[in-house]
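Below: one structure, written as structure tokens.
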Amino acid sequence: DLYAQGQTRPLPLFAETSHAWAQQQDPEAARRKARNAWLSGDFEQAPPGDRDDPFIRIALHKGVADPLDDPQFERLAREVFGPLVAAVNAHD
């Protein structure tokens, strides 16, 4: 279902940012971790954030200024990455 939706419009689902959100149970910690994954680091050798990914920039060119504010972001992050996080945690 999500794949079909993604064929008609960009979904607020971002590899690092959504994964960072899904790893946290506390909403404040989740937002902080997701924000860090969305933004690029402050130092020169920092890896780029999801917002700097060229494909994401193209997909969001007419989107919301901050996709983490999209009401679907949290739900999609937990729906897609939640099972992955649970599986990894089960093996730790």
Side-chain angles (χ1 to χ4, degrees):
D1 185 47
L2 290 176
Y3 177 79
Q5 289 179 42
Q7 297 301 302
T8 62
R9 63 183 170 78
L11 297 176
L13 187 62
F14 315 101
E16 298 299 325
T17 304
S18 297
H19 183 244
W21 182 282
Q23 288 179 309
Q24 305 297 317
Q25 293 302 314
D26 175 59
E28 288 182 33
R31 181 158 290 277
R32 187 173 54 255
K33 294 286 187 175
R35 175 80 45 217
N36 287 341
W38 177 252
L39 301 172
S40 57
D42 290 336
F43 57 95
E44 189 175 312
Q45 299 299 321
D50 279 342
R51 76 170 179 179
D52 295 324
D53 181 290
F55 294 107
I56 291 174
R57 293 175 67 98
I58 290 169
L60 296 179
H61 77 284
K62 293 183 182 177
V64 294
D66 187 349
L68 275 63
D69 289 337
D70 188 310
Q72 290 188 327
F73 170 74
E74 178 182 350
R75 181 184 63 80
L76 289 174
R78 295 220 190 272
E79 184 177 335
V80 173
F81 285 94
L84 172 67
V85 169
V88 169
N89 290 341
H91 286 91
D92 286 345

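Residues: numbered from 1 along the sequence shown. Owing to the predicted nature of the structure, the values given are computational and were not obtained by experimental measurement.
Contact check for Leu2 versus Glu79: side-chain heavy atoms found under the 4.5 Å cut-off. Arg51 is listed as a side-chain neighbour of Leu39, based on a closest heavy-atom distance under 4.5 Å.
Atom CG in Leu68 sits 5.0 Å away from atom CZ in Arg35 (nearest 0.5 Å). To the nearest 0.5 Å, the span separating CD on Gln23 from NE2 on His19 amounts to 4.0 Å. The CZ atom of Arg31 sits 8.0 Å away from atom CD of Glu74, with the distance rounded to the nearest 0.5 Å.
When all heavy atoms of Ala22 and Gly82 are compared, the pair lying nearest together is CB-N, 4.0 Å. In plain terms, the two heavy atoms of Ala59 and Pro10 that are nearest each other are O-CG, 3.4 Å. Scanning all heavy atoms of the two residues, the minimum distance from Ala37 to Ala20 falls at CB-CB, 4.1 Å. For the pair Asp50 and Ala15, the tightest heavy-atom approach, listed with the atom from each and the gap, is OD2-N, 3.7 Å. The two atoms that bring Arg78 and Ala30 nearest to each other are NH2-CB, 4.1 Å, heavy atoms only.
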### CA sep, side-chain torsions, deciding dist, call: Trp21, Phe81, ring-ring contact (aromatic ring centres under 6.0 Å, His included)
CA-CA 9 Å; Trp21 182 282; Phe81 285 94; over 10 Å; no
### Message
Please evaluate residues Phe73 and Asp66 with respect to the criterion side-chain contact (heavy atoms from CB on, under 4.5 Å), reporting the C-alpha separation (whole Å), side-chain torsions for both, the decisive distance (0.1 Å), and the verdict.
### Response
CA-CA 11 Å; Phe73 170 74; Asp66 187 349; over 6 Å; no
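Both Val80 and Leu11 are part of a single hydrophobic cluster, where members link through side-chain heavy atoms under 4.5 Å apart.
In terms of modelled atom types and a separation under 3.5 Å, the side chain of Asp70 and the main chain of Pro12 share no donor-acceptor contact. His61 contributes a side-chain N or O that, together with a main-chain N or O of Ile58, makes up a donor-acceptor pair within less than 3.5 Å.
Heavy-atom contacts from other residues, nucleotides or ligands closer than 6.0 Å to CD of Glu28 number 12 or fewer. More than 12 heavy atoms of other residues, nucleotides or ligands sit less than 6.0 Å from atom CZ of Arg75.
With respect to the salt-bridge test (charged N to carboxylate O, under 4.0 angstrom), the residues Arg32 and Asp26 do not qualify.
Just one residue in the list Leu76, Leu60, Asp53 forms a side-chain contact (heavy atoms from CB on, under 4.5 Å) with Phe14, and that residue is Leu60.
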